[in-house]
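Heavy-atom basis, side chains included; hydrogens, waters and symmetry copies ignored. Proteins come first, then strands; the chains are lettered A, B, ... in the order of their sequence lines, and each starts at number 1.
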There are 2 protein chains.
Amino acid sequence: MQIAEQAKTGAAAAGLTERQGAVLERALGLLVEGGERALTTAGVARAANCSKESLYKWFGDRDGLISAMITYQAGKVRTVEVDARALTVDSLRKHLVAFAGDLIDVLSGDVSLALNRLAIGQASREGAGLGRLLQERGRRQIGKRAAALLEAGRKAKLLAFDTADEAYGTLYGLVVSDMHLRMLLGEDASALKKEFSPRAEKAVDAFLTLHGAKG
Amino acid sequence: MQIAEQAKTGAAAAGLTERQGAVLERALGLLVEGGERALTTAGVARAANCSKESLYKWFGDRDGLISAMITYQAGKVRTVEVDARALTVDSLRKHLVAFAGDLIDVLSGDVSLALNRLAIGQASREGAGLGRLLQERGRRQIGKRAAALLEAGRKAKLLAFDTADEAYGTLYGLVVSDMHLRMLLGEDASALKKEFSPRAEKAVDAFLTLHGAKG
DNA sequence: TATTTTGCGTACCGTACGGTACGGTTCGCA
DNA sequence: TGCGAACCGTACCGTACGGTACGCAAAATA
């Protein structure tokens with residue numbers, strides 16, 4: 001039910017058949033479960049109850065399949081719009097803390113980790129195609145949300161910074177530190193999440209100390 | 001000449017023959033050049049002018065070779081001891097800026113990026129063996145240097161923090177942000193280094209704002 | 001109902017890799 | 001000089017993957 005719904009939305013966002021979305025969902029499951037080695041065309045076909053010929057017809061080749069997986073997964077992410085009116089110190093802090101929590105959630109997600117591992121592994125041999133795609137479709141989205149929030153804070157005279165990008169970089173670093181890399185290297189994601197989630201408020205405090213207009 | 005000397009020191013640190021060190025050096029070159037796909041046993045043997053049989057004799061199997069490469073590479077890193085006496089605000093700042101620059105240098109190095117990509121790619125399929133090894137031999141080393149510096153700053157009443165680990169995490173996040181991940185995903189390392197190096201001083205300023213005893 | 005389309009299942013091909021075996025050669029040593 | 005260890009180069013084997021081709025069933029269309 002939930003999976004089917006996800007498949008629907010993700011497929012709709014990428015302009016694909018519902019069936020094709022279901023196939024991509026199975027492929028993502030395979031990737032999460034067994035890494036890149038498990039993402040074979042035969043394996044995907046078997047897991048999704050379709051033929052290899054259909055895979056090549058729909059996605060071109062293996063790289064096309066992977067690209068479709070990234071785009072499809074990115075289509076599932078929905079950024080929450082922030083109401084910029086009536087922003088107070090407390091509400092800004094709450095929004096920042098919520099954003100930090102969502103950021104940690106996204107980065108520690110199984111599918112996100114698997115796709116990042118896949119793109120990083122591919123990055124060395126053939127340009128940065130998948131890496132750029134992942135960056136574009138994934139990070140840009142949540143980055144826009146952060147930029148909007150930060151700009152709203154600045155307009156409300158609650159934040160002070162030169163550029164939103166730089167301030168976002170600071171916030172990102174304070175929240176994430178090296179958590180993402182450690183998870184990518186195989187450290188237990190849920191354990192690391194438990195370690196970093198409580199630090200989200202401290203990170204936001206530090207960010208406000210650095211960029212809060214009151215301080 | 002330089003390579004030979006590196007091979008000597010790296011091999012000595014890992015308890016290997018000079019010849020074996022040279023082989024690992026060629027293997028690292030192959031990995032940097034062409035990624036994991038280029039790191040085949042036949043390719044290493046050809047590039048290093050040795051036989052596959054010797055490779056298996058020395059390193060066991062392909063994973064043993066990779067582990068040896070990580071340990072060998074880590075053996076080349078030498079941490080600089082910091083003189084903790086007579087630490088002033090200015091000298092502490094200089095030390096922190098120097099540390100930040102070295103951190104960026106290490107993370108943006110060709111070999112470091114290639115090994116991290118390899119370990120991340122391997123992380124999904126078989127535990128976190130290589131990831132742990134890389135973390136242990138690589139990050140721990142520079143982390144110890146940071147911890148020593150931070151503790152010295154605290155003893156000199158120039159820094160205030162709860163635990164050195166947490167403070168190091170803050171410093172790391174401020175300096176690195178998402179630079180490492182972006183490089184791992186294939187963004188041009190030298191360009192990113194140029195972008196982040198000037199920010200090292202700002203990052204240290206921010207860190208001192210957060211943890212400086214004077215502020 | 002006849003026909004076209006779609007797609008599943010399977011078999012197949014070429015290639016490339018990890019790992020092993022073997023003949024020939026160099027080098028240290030008695 | 002004779003011997004053994006180490007090692008290079010190459011050939012070989014089993015496996016697994018990406019990609020293609022084919023036979024056949026089911027659904028859609030006329």
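Using a 4.5 Å cut-off on side-chain heavy atoms (C-beta onward), A/Thr170 and B/Ser177 make no contact. Contact check for B/His95 versus B/Phe99: no side-chain heavy atoms found under the 4.5 Å cut-off.
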Under 3.5 Å, which donor-acceptor pairs link side chains of residues 26-39 of chain B to any protein atom two or more places apart or in another chain?
residue: B/Arg26; atom: NE; partner: B/Ala47; partner atom: O; Å: 3.3
residue: B/Glu36; atom: OE2; partner: B/Arg125; partner atom: NH2; Å: 3.1

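Under the 30°/60° scheme for interplanar angles, the aromatic rings of B/Tyr168 and B/Tyr172 are found to stand perpendicular.
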Reading nucleotides 4-18 of chain D 5' to 3', which nucleotides get B (base under 4.0 Å from a protein heavy atom), which S (sugar-phosphate only), which -?
--SSBB-------SB

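We find that CD of A/Glu18 is positioned 14 Å from P of C/dG7, with the value rounded to whole Å.
With hydrogens and angles disregarded, a donor-acceptor distance shorter than 3.5 Å links the side chain of B/Arg117 to the backbone of B/Leu184.
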